[in-house]
Asks: 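This is the structure I want to talk about, given as structure tokens.
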Amino acid sequence: MKDLKHLYYFEKLLEDAHNELIQKAQEQGRKCIATLCENIPEPLLNLPGSFSARLRAPRTGSMDMATYYMTSFLCEYTRALLERAMEGGYQFADCLIVPDGCSMLNRCAENMELLNTMQKEHFFHEYMEIPLKANDNGLNLYVLQCRNHILKPLAKAFGLDTSDDALRQAVQEHNELCRLIRQIGEFRKENAPRITGYEFHILTLATYAAPKDLLLPYLRETLEELAGRKPDEKPSCRIRVLLAGSEVDDMDLIRLIEESGAYVCADRFCYGSFPGRDPLVLNDEEDALTQICRQYMYRGQCARYMNQEKISERRAYIDALAKEYRADGIICQQMKFCDPWAYERTVATHVLRTDYHYPVLSIDRPYAAGSFGQLRTRVQAFVESVELKKIQGGA
């Protein structure tokens, strides 16, 4: 297929945490609200005069300094973030808001604060609790924490408008971005898809790492371009897979999977489009903050949620996506040493095989892309096994 017009631009954006669009937004006088986790409701950070950025550590090399403070038994994502912070790579951020998504994220952020890695004037850290169970008590906690650790600090430190009207405006802008990503993602359902899983991942990843409003013109043009794009007559991938699990912000992981013969037709992982790019629906009877928190909590698929209903829902959600996007198999992955997703991956792999009858490849992987040789071999073997089952009629 012909290369997408803006794909190289998106790839260049993702090569640095302090990308061109972040610099442009700050030149306009807007504040960069940084976070580390999908459990922070993004519209609360994208108020008039501010924009959100989920921190990444692209082109990670040595993590020796961060390992000294965090040990080698904590996940590489958090160690890579701390290493980059100690190198001065996040000086563009104006504050850091961190939920207790896991103890490793907390430890990473606490080390950033204790080591004074962000030396910007008026910079502040906020830590917030998020619920372990999705229920009414959990919602009350979520709303309180978002009000006390997001809205009030942003209003006090930067004078941002955190009114109900401002939140509703932020939701409208958020929904426009979600609508574009959803429409682009629909092309993955085609028998001969006109967009690769790698290309879609790049577009989606950029929406977490750069100011959303500045991305909209590029996404609109890309959607229009895709509508007239001619797919390859004979797709290079031999099977379709759904990629599920923990944090994936590496540009090369999905490319490796697709080069090994598996088209990534759906993405249920942190930094993915499901459910992170689901639009929010607001009514006029209830305050916007409560509605935003409710939808983030109940639609969330994070392994942090421990109640049995959410645990079962996570497998059913993957099954529904796999059916909708016609996946032949599922790849369950986690960052090495990620405790919440390690348990989730182990159990989900068994349940998806025995109860839902999918071929499943279960992997733990490094954060840096330099150690993917063995993974490529495993994906190739998985592709061959699934392809053989298809030839044999699913036997």
Side-chain angles (χ1 to χ4, degrees), residues 3-38 40 42-43 45-47 49-61 77-78 80-98 108-109 112 117-120 123 158 170 173-174 176-178 180-181 184 198-223 247-255 267 269-273 276-277 367-369:
D3 288 343
L4 293 175
K5 177 181 177 181
H6 296 303
L7 184 64
Y8 178 71
Y9 178 72
F10 278 95
E11 289 175 327
K12 292 295 291 183
L13 276 180
L14 294 171
E15 287 182 359
D16 289 292
H18 190 196
N19 58 63
E20 176 185 319
L21 292 185
I22 287 179
Q23 296 174 42
K24 183 176 180 180
Q26 291 189 311
E27 288 170 0
Q28 298 170 351
R30 297 159 64 186
K31 299 297 182 181
C32 176
I33 317 302
T35 186
L36 307 179
C37 179
E38 68 175 352
I40 295 285
E42 288 179 286
L45 313 181
N46 290 285
L47 299 165
S50 68
F51 65 93
S52 65
R54 277 195 36 204
L55 298 185
R56 303 167 53 247
R59 297 177 292 146
T60 290
Y77 173 59
T78 56
L81 292 177
L82 179 58
E83 187 83 18
R84 186 59 52 85
M86 294 170 71
E87 295 168 351
Y90 302 134
Q91 296 300 317
F92 59 89
D94 292 291
C95 66
L96 178 62
I97 300 176
V98 183
C108 170
M112 288 181 184
T117 57
M118 282 49 153
Q119 299 177 358
K120 201 170 189 177
F123 187 95
F158 305 133
E173 295 172 353
H174 177 83
E176 172 64 10
L177 179 113
C178 292
L180 290 169
I181 289 294
I184 291 171
Y198 169 76
E199 290 170 332
F200 183 76
H201 178 56
I202 294 298
L203 300 179
T204 304
L205 183 56
T207 66
Y208 292 100
K212 294 172 176 50
D213 60 310
L214 300 183
L215 285 170
L216 289 176
Y218 298 99
L219 292 174
R220 293 189 186 105
E221 192 169 347
T222 298
L223 176 60
E247 189 270 354
V248 177
D249 75 284
D250 193 300
M251 293 194 292
D252 293 322
L253 176 62
I254 291 182
R255 176 156 49 191
D267 52 349
F269 51 76
C270 309
Y271 279 104
S273 67
R277 289 297 168 251
Y367 179 68

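Scope of the values below: all heavy atoms of this structure, side chains included, with no hydrogens, waters or symmetry mates.
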Asks: List the atom of Ala93, the atom of Ala34, and the distance in Å for their closest heavy-atom pair.
Replies: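 Minimum heavy-atom contact is CB-CB, 3.9 Å.
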
Asks: Scan Phe269, Tyr367, Tyr208 and name whichever one has a side-chain contact (heavy atoms from CB on, under 4.5 Å) with Asp249.
Replies: Tyr367

Asks: Are the charged groups of Arg56 and Glu247 less than 4.0 angstrom apart, N to O?
Replies: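 Here Arg56 does not pair with Glu247 in a salt bridge, since their nearest N and O are not under 4.0 Å apart.
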
Asks: Are the side chain of Asn46 and the backbone N or O of Ala170 linked by a donor-acceptor pair below 3.5 Å?
Replies: no

Asks: Between Leu177 and Glu42, is any pair of side-chain heavy atoms under 4.5 Å apart?
Replies: no

Asks: Measure the shortest side-chain to side-chain distance between Leu214 and Ile22 over non-hydrogen atoms and say whether it is less than 4.5 angstrom.
Replies: no

Asks: If you measure only the distance, is there a donor-acceptor pair under 3.5 Å linking the side chains of Arg277 and Thr207?
Replies: yes

Asks: My understanding is that only residues two or more places apart in sequence, or in another chain, count here; which of them pass salt bridge (charged side-chain N to carboxylate O under 4.0 Å, His left out) with Arg54?
Replies: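 Checked Arg54 against salt bridge (charged side-chain N to carboxylate O under 4.0 Å, His left out); zero matches.
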
Asks: Applying side chain to side chain contact (heavy atoms under 4.5 Å, CB included), run through Met251 and Phe10 and close with a yes or a no.
Replies: CA-CA 11 Å; Met251 293 194 292; Phe10 278 95; over 6 Å; no

Asks: Does Asn19 reach the main-chain N or O of Leu14 with its side chain, forming a donor-acceptor pair under 3.5 Å?
Replies: no

Asks: Spell out, as yes or no, whether a donor-acceptor pair under 3.5 Å connects the side chain of Ser50 to the backbone of Leu45.
Replies: yes

Asks: Measuring from atom OH of Tyr77 to atom CG of Asp250, what distance do you get when rounded to the nearest 0.5 angstrom?
Replies: 12.5 Å

Asks: Gln119 side chain to Gln91 main-chain N or O, any donor-acceptor pair under 3.5 Å?
Replies: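 Side chain of Gln119 to backbone of Gln91: no pair is present.
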
Asks: Could you go through Asp267 and Val248, starting from their C-alpha distance and side-chain angles, then the distance that decides it, and tell me whether this counts as side chain to side chain contact (heavy atoms under 4.5 Å, CB included)?
Replies: CA-CA 10 Å; Asp267 52 349; Val248 177; over 6 Å; no

Asks: Report the distance from atom CG of Leu13 to atom OH of Tyr8, rounding to the nearest 0.5 Å.
Replies: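 If we round to the nearest 0.5 Å, Leu13:CG and Tyr8:OH are 11.0 Å apart.
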
Asks: First locate atom CG of Leu55, then atom CG of Leu82, and finally report the distance between them rounded to the nearest 0.5 Å.
Replies: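 It is 12.0 Å, given to the nearest 0.5 Å.
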
Asks: Would you mind reporting whether Arg84 and Tyr90 have side-chain heavy atoms less than 4.5 Å apart?
Replies: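 A side-chain contact exists here, since the closest heavy-atom pair is under 4.5 Å.
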
Asks: Enter the distance from Met112:CE to Met118:CE here, rounded to the nearest 0.5 Å.
Replies: 5.0 Å

Asks: Between Thr35 (side chain only) and Ile97 (backbone N and O only), is there a donor and an acceptor less than 3.5 Å apart?
Replies: yes

Asks: Determine whether Gln26 and Asp94 satisfy the following criterion, side chain to side chain contact (heavy atoms under 4.5 Å, CB included), listing intermediate values before the conclusion.
Replies: CA-CA 10 Å; Gln26 291 189 311; Asp94 292 291; 3.4 Å; yes

Asks: Quick one: NZ on Lys212 to SG on Cys178, what's the gap to the nearest 0.5 Å?
Replies: 8.5 Å

Asks: Judged by atom type as modelled, is there a donor-acceptor pair below 3.5 Å linking the side chain of Glu15 to the main-chain atoms of Pro58?
Replies: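 Side chain of Glu15 to backbone of Pro58: no pair is present.
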
Asks: For Tyr9, what residues pass the ring-ring contact (aromatic ring centres under 6.0 Å, His included) criterion, not counting sequence neighbours?
Replies: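 Partners of Tyr9 by the ring-ring contact (aromatic ring centres under 6.0 Å, His included) criterion, ordered by chain and then number, come out as Tyr218.
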
Asks: I need the minimum non-hydrogen distance between Gly272 and Thr204, along with the two atoms involved.
Replies: C-CG2, 3.8 Å

Asks: Can you confirm whether more than 12 heavy atoms, excluding those of Lys5, are under 6.0 Å from its NZ atom?
Replies: no

Asks: Can Glu176 and Leu216 be said to form a side chain to side chain contact (heavy atoms under 4.5 Å, CB included), step by step?
Replies: CA-CA 8 Å; Glu176 172 64 10; Leu216 289 176; 4.0 Å; yes

Asks: Quick one: pull up CD1 in Ile33 and SG in Cys95 and give me the separation to the nearest 0.5 Å.
Replies: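 The distance works out to 3.5 Å.
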
Asks: Grab the two heavy atoms, one from Ala109 and one from Val98, that are nearest each other, plus how far apart they are.
Replies: CB-CG2, 3.6 Å

Asks: Might you point out which heavy atoms bring Ala57 and Ala80 nearest each other, and give the distance in Å?
Replies: CB-O, 3.7 Å

Asks: So that I can tick it off, tell me whether Lys24 and Glu27 are bridged by a salt bridge, with the cut-off set at under 4.0 angstrom between side-chain N and carboxylate O.
Replies: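 Result for this pair is no, no salt bridge flagged.
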
